[in-house]
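What follows is a short report on a single structure.
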Amino acid sequence: MTTYRARQLPVHRGVAAWSAILGPGAEYPALSDQRTADFVVIGGGFAGLSAARRLTQLQPGARVVLLEAGRIAEGASGRNSGFMIDLPHELTSADYAGSGNDRTMIALNRQAIAFAAEASQAYDIPPGWFDRAGKVNGAVSTEARDHNLSYAAHLDSLGETYEHLDAQAMEELTGSRHYHSGLYTPGTVLLQPAGYIRGLATGLSSQIALHERSPALGLTRIGSDWRVDTPGGSVTAPRVILATNGHLESFGFAKGRLMHVFLYASMTPNLDDAALLRLGGAPGWGITPSDPMGTTVRRIHGAQGGNRIVTRTCATLRSGMQSTARDLTRATALQREKFDRRFPQLAGMAPEYEWAGHLCLTLNGVSVMQCLDDGLFSACVQNGLGTTRGTLTGIGAAELACGVTSDITRHFTAEAAPRRLPPRPLRDIGANAVIRWKEHRIGDE
């Protein structure tokens, strides 16, 4: 008998702002009995809900049970910046260019976006929660501008379109004179991430059994089946999908090979008419930094949750999968500085929400989307690209579980294993020193 025991999942500090600004969402009951199913999906984020939807497409009528440890859209899926990116976005690269398979990844990323778009239409997800607005790589320094020029040359080689924006165009877009230039690419979708995830859950809830506050405490092999135990009950099924991103390690897989990084963000109060007049600019846009270590900024509006600005900056490696109060305090102070420099007309405005979000990376940039054991599959390790990569790995894991071969399954199952990391505490000390140095080096970016 094979048993995998999960260690207790930590609770992230701060409110899941994207969910909070939408108001209360639907609630789903905790698992409270013993039952059987055809599939169990563990995790209710981008990967888990995408896996569940793909299962309903491949095997209509199959009994699918989805277990979410917390509340839908209040974990990592509701704590990201909401960029669903189609083009290469390699976070370890100076200019986001990938390592030789960019055409393949662009095609796969666009499959994920098409899958999400189709789900949005099928489940009547509001258009404002799935906005095909594109994004801009913003540049402040000459070095950052050079990163954009390098990335543009790479896009030329791939036959992709883009537009250079000068300082005036950047100010007209954002209301900020902080940016000297930018590189606009049209394929990114700007999500209201909590809204999109809620919409998926609502749409699927008539087809699957969805349970919140039902953490998987362990997996036990019983004959040809797996039993998944939760605090209130259990589900037995022949096939289980782990859609837990970095918490794959909590079940004993890929130990010592996953980097657990926290990113920090804040969101302003809903801007009143006077603040909007001072701000100027367009009502909805997204800026990613030309250097991956820089500051991400979004302005949201309307159905996305009011008129607000989101600022994301700072990162820490926390191998214990839990950020600290000191981390969030430091990040909040830096975010206020970054915000005031970009928007002096709103300087001093305190954020209404502050939060930390957990992401998982590997040294060699691979995911873990594979068969882990007989009937046990993973849709994990999104490398900081949770909206797109999570959707892809969720689709792929569902296809593996159903014996279906596709471009997605071929790509991810052919990837190398995650490289082993240095031992703790050297891993944390060294990585955080490098992160701090890079954050200092990029300055106003």
Side-chain angles (χ1 to χ4, degrees), residues 81-83 85 87 89 95-96 128 131-153 155 160-192 265-302 304-314 334-352 439 441-445:
S81 299
F83 291 77
I85 298 171
L87 295 175
H89 198 74
D95 61 1
Y96 297 115
D131 184 4
R132 295 180 179 272
K135 74 175 183 71
V136 177
N137 279 4
V140 177
S141 66
T142 300
E143 183 179 3
R145 180 206 62 193
D146 291 344
H147 286 167
N148 272 348
L149 293 174
S150 172
Y151 189 58
L155 295 180
E160 296 293 335
T161 61
Y162 58 86
E163 180 184 354
H164 288 292
L165 304 181
D166 62 15
Q168 180 179 346
M170 291 296 289
E171 183 178 357
E172 290 172 355
L173 176 67
T174 65
S176 172
R177 296 181 179 179
H178 185 75
Y179 297 100
H180 294 178
S181 62
L183 184 72
Y184 171 76
T185 50
T188 291
V189 174
L190 296 181
L191 297 172
Q192 206 303 0
S266 58
M267 181 184 288
T268 67
N270 192 21
L271 302 178
D272 60 23
D273 290 343
L276 290 172
L277 185 62
R278 294 198 304 276
L279 174 62
W285 43 262
I287 305 289
T288 50
S290 300
D291 186 306
M293 291 302 298
T295 301
T296 296
V297 185
R298 268 192 69 179
R299 180 175 166 187
I300 66 172
H301 66 107
Q304 295 175 344
N307 292 287
R308 303 170 185 268
I309 296 175
V310 179
T311 307
R312 187 220 56 80
T313 196
C314 296
L334 286 173
Q335 285 162 19
R336 293 188 184 192
E337 289 180 19
K338 303 284 188 181
F339 179 87
D340 288 354
R341 289 176 188 171
R342 283 161 174 75
F343 307 106
Q345 64 271 50
L346 301 178
M349 178 178 289
E352 183 174 0
E439 289 176 347
R441 179 182 57 79
I442 60 172
D444 284 345
E445 296 298 330

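On a predicted model such as this, the values are computed, not experimentally measured, just so you know.
At least one side-chain heavy atom of L271 sits less than 4.5 Å from a side-chain heavy atom of M349. T296 places a side-chain heavy atom less than 4.5 Å from the side chain of F83. Within the 4.5 Å cutoff, the side chain of Y179 has no heavy atoms near those of the L165 side chain. Residues D291 and R441 form a side-chain contact, since some pair of their non-hydrogen atoms from C-beta on lies under 4.5 Å apart. Taking the side chain as every heavy atom from C-beta outward, R342 and T295 approach each other to under 4.5 Å. Taking 4.5 Å as the limit, some side-chain heavy atom of L346 sits within range of a side-chain heavy atom of I309. Annotation: side chain of C314 is in contact with side chain of E439 (closest heavy-atom distance under 4.5 Å).
In this structure, Q335 and S266 approach most closely via the heavy-atom pair OE1-OG, 2.9 Å. Closest non-hydrogen pair, S181 versus R145, comes out as OG-CG, 3.9 Å. Here the closest heavy-atom approach between residue N307 and residue H301 is recorded as OD1-CB, 3.3 Å. The two residues D340 and G348 come nearest to each other via the heavy atoms OD1-N, 3.2 Å. Here the closest non-hydrogen pair linking R308 and M267 is CD-SD, 3.5 Å. The heavy-atom pair separating G280 from R299 by the smallest distance is O-NH1, 3.0 Å.
Between the CG atom of D444 and the CZ atom of R341 there is a distance of 4.5 Å, given to the nearest 0.5 Å. If you take CD1 on I300 and CG on D131, they are separated by 11.5 Å, rounding to the nearest 0.5 Å. Taking CG from L155 and CG from N148, the interatomic distance works out to 9.5 Å, rounded to the nearest 0.5 Å.
A side-chain donor-acceptor contact under 3.5 Å links T288 and K135. Residues S141 and E445 have side chains that bring a donor and an acceptor to within less than 3.5 angstrom of each other.
With sequence neighbours excluded, the residues that form a side chain to side chain contact (heavy atoms under 4.5 Å, CB included) with L173 are V136, A282, W285, I287. Every residue two or more places apart in sequence or in another chain that forms a side chain to side chain contact (heavy atoms under 4.5 Å, CB included) with Q345 is listed here: R278, L279, F343.
Atom CG of D272 sits in a crowded spot, with more than 12 heavy atoms from other residues, nucleotides or ligands closer than 6.0 Å.
Within the structure, every pair that satisfies the salt bridge (charged side-chain N to carboxylate O under 4.0 Å, His left out) test and touches residues 163-179, not counting sequence neighbours, is listed here: E171-R177.
A donor-acceptor pair is defined here as one N or O able to donate and one able to accept, closer than 3.5 Å; such a pair exists between the side chain of S290 and the backbone of G138. Proximity of a side-chain donor or acceptor of Q304 to a complementary backbone N or O of Q192 within less than 3.5 Å is not detected. H164 places no side-chain N or O within 3.5 Å of a backbone atom of L183 that could act as its donor or acceptor partner.
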Assess the residue pair L87 and Y151 against the criterion (side chain to side chain contact (heavy atoms under 4.5 Å, CB included)); give the C-alpha distance rounded to whole Å, side-chain angles, the decisive distance to 0.1 Å, and a yes or no. CA-CA 11 Å; L87 295 175; Y151 189 58; 3.5 Å; yes
Take T185 and E160 through the side chain to side chain contact (heavy atoms under 4.5 Å, CB included) test and state the conclusion after the steps. CA-CA 9 Å; T185 50; E160 296 293 335; over 6 Å; no
